[in-house]
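Bear in mind that the values here come from a model prediction, so they are computed numbers and not experimental data. Proteins get letters first, then strands, A, B, ... in listed order; numbering begins at 1 in each.
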2 protein chains.
Amino acid sequence: MKKTKREKLEAAGWAVGSVKEFLGLSEADTVLIEMKLALSRSLRDRRKKYGLSQVQLAERLHSSQSRVAKMEAGDPSVSMDLLVSSLLLLGASSADLADAIRGAEKRTGPRAA
Amino acid sequence: MKKTKREKLEAAGWAVGSVKEFLGLSEADTVLIEMKLALSRSLRDRRKKYGLSQVQLAERLHSSQSRVAKMEAGDPSVSMDLLVSSLLLLGASSADLADAIRGAEKRTGPRAA
DNA sequence: GAACTATATGTCACATCAGACATATAGTCA
DNA sequence: TGACTATATGTCTGATGTGACATATAGTTC
């Protein structure tokens with residue numbers, strides 16, 4: 001079964017080195033976390049840029065100070081949806097979000113691939 | 001966090017740019033939906049590019065065919081986290097995701113990612 | 001020191017999302 | 001026709017995210 005699936009994959013055009021993307025679940029997880037952290041930093045930067053406290057931002061988001069703190073801390077209980085919608089409510093454009101996300105590739109050491 | 005029925009209508013409609021005014025969606029809500037739709041399209045494109053069925057993709061994501069269908073349909077029950085992590089498992093890079101997201105504003109027709 | 005502000009952390013009830021399953025629809029082919 | 005494949009849709013239950021609250025920590029001003 002698995003052999004068949006893999007054969008189909010490679011026959012469909014997967015580069016040999018890229019097939020590991022399917023198997024490397026933890027690698028995808030890492031990139032996802034990096035993306036969230038990038039959005040977290042972007043949120044904090046944007047909040048400070050407008051001179052808002054976490055409480056003031058929470059009011060604007062109809063949320064709470066503790067959740068804003070967790071958003072900025074990259075807490076696992078914060079979803080990407082919440083981060084993105086919060087950034088949008090702070091005036092970010094989709095291009096701004098794209099910029100924040102673009103550099104979030106996984107980093108395994110001092111050098112980035 | 002108010003959504004659900006609006007998103008359901010919108011996801012079913014596909015005339016996103018005009019639905020915003022029809023339903024009176026906020027700009028942030030609209031952009032978030034557009035971003036999710038952009039990721040949905042990107043997921044479908046990527047799956048087809050590798051010649052996978054929804055069932056085959058579901059197996060690799062450790063998910064189900066119905067959820068893959070909902071992801072690609074832009075169903076409101078699908079989170080951005082799920083879309084992004086699925087794309088990452090399909091080999092997308094953070095730069096790929098940035099590209100998909102960047103054009104998600106003021107879009108009125110389909111486009112490949 | 002007290003009082004005040006800003007941020008962080010832990011917990012909880014409730015809402016939302018997840019995978020799974022059944023089933024419906026649509027297209028293909030013998 | 002019927003069998004087969006791919007995709008879509010509805011719903012259930014367990015898992016996860018959310019806002020709210022209490023409380024802790026840190027810095028500032030008096």
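L83(B) places its CG atom 11 Å from the P atom of dG19(C), with the value rounded to the nearest Å. In this structure, Q56(A) places its CD atom 7 Å from P of dA6(C), rounding to the nearest Å. In this structure, the CD atom of Q54(B) is 14 Å from the P atom of dG19(C), given to the nearest Å. The distance from atom CG of D75(A) to atom P of dT18(D) is 10 Å, rounded to the nearest whole Å. In this structure, the CG atom of D81(A) is 13 Å from the C1' atom of dA18(C), given to the nearest Å. Distance CG (L82(A)) to P (dT16(C)): 14 Å, rounded to an integer number of Å. Following rounding to the nearest Å, R44(B) (CZ) and dA6(D) (P) show an atom-to-atom distance of 14 Å. Protein atom CG of L57(A) is 13 Å distant from nucleotide atom C1' of dA6(C), rounded to whole Å.
Remark: R47(A) is not in phosphate contact with dA6(C), judged by side-chain N or O atoms under 4.0 Å from OP1 or OP2.
For S64(A), the side-chain contact (heavy atoms from CB on, under 4.5 Å) partners are S66(A), R67(A), not counting sequence neighbours. Residues passing the side-chain hydrogen bond (donor to acceptor under 3.5 Å, both in side chains) test with Q65(B) are Q54(B), sequence neighbours excluded. Partners of L88(A) according to the side-chain contact (heavy atoms from CB on, under 4.5 Å) rule, which considers only residues two or more places apart in sequence or in another chain, are V84(A), L97(A), A28(B), V31(B), L32(B). Scored by the side-chain hydrogen bond (donor to acceptor under 3.5 Å, both in side chains) test, S79(A) finds no partners at all (sequence neighbours excluded).
Listed by chain and number, the hydrophobic cluster partners of I33(A) are L37(A), where partners are ILVMFWY side chains within reach of under 4.5 Å, directly or through others. Side-chain contacts under 4.5 Å among hydrophobic residues (ILVMFWY), followed directly or transitively, place V55(B) with no other residue at all.
You'll find that the side chain of V78(B) is closest to dA18(C), out of dT7(D), dG19(D), dA18(C).
Residue L43(B) holds its CG atom at 10.5 Å from CG of L89(B), rounded to the nearest 0.5 Å.
Ion pairing of E72(B) with R47(B) is present here, as a side-chain N (NZ or NE/NH1/NH2) and a carboxylate O approach within less than 4.0 Å.
Closest-nucleotide positions on DNA chain D for S77(A) and K48(B) were compared, and the one nearer the 5' end corresponds to K48(B).
Contacts with DNA chain C (heavy atom under 4.0 Å) in residues 63-71 of chain B: S63(B), S64(B), S66(B), R67(B), listed by number.
Between the two ends of the helix from dG1(C)-dC30(D) to dA30(C)-dT1(D), each summarised by a five-pair axis, the helix axis turns through 30° (rounded to 10 degrees).
For residues 91-103 of chain A, the set of pairs meeting the salt bridge (Lys or Arg N to Asp or Glu O under 4.0 Å) definition, not counting sequence neighbours, comprises R46(A)-D96(A), D99(A)-R102(B), R102(A)-D99(B).
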